[in-house]
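Below, each value reflects all heavy atoms present in this structure, side chains not excepted, and no hydrogens, waters or symmetry copies.
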Number of protein chains: 2
Amino acid sequence: MPGADRPARGARGPYANGERRRAEIVDAAMAVFAEQGYERTSLRDIAERAGTSHASLIHHFGSKAVLLRQVLQRRAELDRPVRAEAVRTAGLLDAAVEMMHRNARVPGLIQLDATLTVEALDPAHPAHEFFRQVYDDFAAEVLPELERERDAGRIRTDLPLPLVARQFVALIQGVQIQWLYDPGVDMAEHVRVWLELLRPARG
Amino acid sequence: MPGADRPARGARGPYANGERRRAEIVDAAMAVFAEQGYERTSLRDIAERAGTSHASLIHHFGSKAVLLRQVLQRRAELDRPVRAEAVRTAGLLDAAVEMMHRNARVPGLIQLDATLTVEALDPAHPAHEFFRQVYDDFAAEVLPELERERDAGRIRTDLPLPLVARQFVALIQGVQIQWLYDPGVDMAEHVRVWLELLRPARG
DNA sequence: GTCTATAGAGCGATAGAC
DNA sequence: GTCTATCGCTCTATAGAC
């Protein structure tokens, strides 16, 4: 199946080598951004990791900012199927527990999110809109799930759910940062306990 | 009373002008760090704000890292009396609601904390130990307060309080970042609702 | 498509006049 | 104690050979 829907040009489809090279560079950039953040990472750092020159990065992507956007897009693509499976089997809220457990085992992944999120607070940052949208979307996705849970009697009826949905985002964000300072922090357990707090009174 | 316990040298105490100048530079640095973070701020940016040259900053502080430490120390000194008063009148937990409400009105203050916190994740960063200590200390200070509240029957008895103490820190951190992305987020209300979640079941 | 060379700018820090 | 001048370095991005 791979490449079957493309006209052959050379051994693989068109631009196959160029696309593979670009993918290698994006992977290298993702790794180095995760270790050092965006601002502190130079094109030379990424080029060294990818086994090429910083000039070739510019050739392929045009600028460091564009490369960052490719990294964010790639990360979202990698996440989507894993996340979809977790949501399918556990529901959106409990899936977060599973996702945090899993993400903690991928070196640099959470540091990438935390570092870029805060760097991108500046509205002029190339990833500012991306993160604003990600958080808004996530809160908007969580809200109806919270309403369903409330209507099913599984969470308290006296809570301002739009605020609670946003608090879910904030909690995940904050727990990640505390975990980065102290790996003894159990991120999944934090989310689990917080979800427990939402449950109705049991006497 | 001011300066009375010092031998006069010139019109004011010793080093009076130098200390005033240093204080002005620290205030300027605090403002610019708050707007741009530490890494993205140059000594020239700070010097311009303070109305002097970047060389004079080095003269007074020796390095950019030392200047950052002075800023953090100054910020802690500014915070201490306000915080102490809030804790005295409201108790430690409710004081946080008050503090977040107040801090939201000081431009750049929360951005300073959030930006530096994440930049300082790197153990080699000049503020890494400072922030690790601040978060550990705060969680350690909150824990006995939570235990008192539990013993007084004001919060649930089935919660892992050491984790909850750390979650308080994480929540404040995360809510601040969400607020920076969307000023419509009501930080104090988030803390208030979370504290409400801790209360015992009421049927 | 990848390289070397380099432009052009900004950085932290230093030296030394005043 | 403050300045100008500058060092030595790093950065993003460009130019052009191959």
Side-chain angles (χ1 to χ4, degrees), chain A residues 9-29 32-33 35-71 115-116 119-120 122 124-127, chain B residues 9-30 32-33 35-72 115-116 119-120 122 124-127:
Chain A
R9 190 185 301 179
R12 264 171 299 268
Y15 319 119
N17 282 327
E19 282 178 11
R20 186 151 26 99
R21 197 82 192 91
R22 284 171 60 98
E24 284 167 10
I25 291 170
V26 169
D27 285 346
V32 185
F33 285 155
E35 288 167 13
Q36 308 182 341
Y38 174 74
E39 311 276 355
R40 279 188 277 191
T41 295
S42 70
L43 292 175
R44 284 166 177 82
D45 293 337
I46 300 165
E48 189 182 352
R49 180 77 62 109
T52 182
S53 70
H54 76 279
S56 97
L57 270 59
I58 296 287
H59 168 74
H60 281 299
F61 297 96
S63 77
K64 189 186 175 189
V66 170
L67 178 52
L68 170 63
R69 291 199 195 94
Q70 296 293 310
V71 166
T115 307
L116 290 182
E119 279 182 355
D122 176 1
H125 191 280
Chain B
R9 191 185 297 178
R12 263 168 300 266
Y15 319 119
N17 280 330
E19 283 177 10
R20 188 155 22 101
R21 199 80 193 92
R22 285 172 60 99
E24 284 167 10
I25 291 170
V26 169
D27 284 346
M30 185 153 43
V32 186
F33 285 154
E35 288 167 13
Q36 307 182 341
Y38 174 74
E39 313 275 355
R40 280 188 277 189
T41 296
S42 71
L43 291 175
R44 284 164 179 84
D45 293 338
I46 300 165
E48 188 183 352
R49 179 79 62 114
T52 182
S53 68
H54 77 281
S56 97
L57 272 57
I58 296 287
H59 168 75
H60 281 299
F61 297 96
S63 76
K64 188 186 174 187
V66 170
L67 177 54
L68 171 61
R69 291 199 196 91
Q70 296 292 311
V71 166
L72 293 173
T115 307
L116 290 182
E119 280 182 350
D122 176 1
H125 191 280

Open item on the list: Does A/I58 reach a base, just sugar-phosphate, or nothing at all? Heavy atoms under 4.0 Å.
Closed with: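 Result for A/I58 = base.
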
Is any side-chain nitrogen or oxygen of [X] closer than 4.0 Å to OP1 or OP2 of [N]?
{"X": "B/R21", "N": "D/dT2", "answer": "yes"}
{"X": "B/S53", "N": "D/dC3", "answer": "yes"}
{"X": "B/T52", "N": "D/dC3", "answer": "yes"}

TODO: Mind calculating the distance between CG (B/L43) and C1' (D/dC3) to the nearest angstrom?
DONE: 16 Å

Task: A/L57 CG to A/I25 CD1 distance, which is reported to the nearest 0.5 Å - done: 4.5 Å

Open item on the list: Let me check the geometry of the helix from C/dG1-D/dC18 to C/dC18-D/dG1. What is the bend angle between the axes at its two ends, five pairs each, to 10°?
Closed with: 10°

Task: Side chain B/R44 and base C/dG10 donor-acceptor under 3.5 Å - done: no

Task: B/R21/B/E24 ion pair, N-O < 4.0 Å - done: yes

Nearest to the [X] side chain among [options], which nucleotide is it?
{"X": "A/H59", "options": "C/dT2, D/dA15, D/dC3", "result": "C/dT2"}
{"X": "B/D45", "options": "D/dT14, D/dA5, C/dC11", "result": "C/dC11"}
{"X": "A/S42", "options": "D/dT4, D/dC11, C/dA13", "result": "D/dC11"}

Open item on the list: In the structure I gave you, are the side-chain heavy atoms of B/F61 and B/V26 within less than 4.5 Å of one another anywhere?
Closed with: yes

TODO: Test side chain to side chain contact (heavy atoms under 4.5 Å, CB included) on A/E39 and A/H125 and set out the steps.
DONE: CA-CA 10 Å; A/E39 311 276 355; A/H125 191 280; 3.5 Å; yes

Open item on the list: Between A/S42 (side chain only) and A/D45 (backbone N and O only), is there a donor and an acceptor less than 3.5 Å apart?
Closed with: yes

Task: Earlier contact from the 5' end, DNA chain C, for A/H60 and A/H54 - done: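 This one resolves to A/H60.
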
TODO: For A/S63 and A/I58, work out which heavy atoms get closest and say how close.
DONE: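 Minimum heavy-atom contact is CA-CD1, 4.2 Å.
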
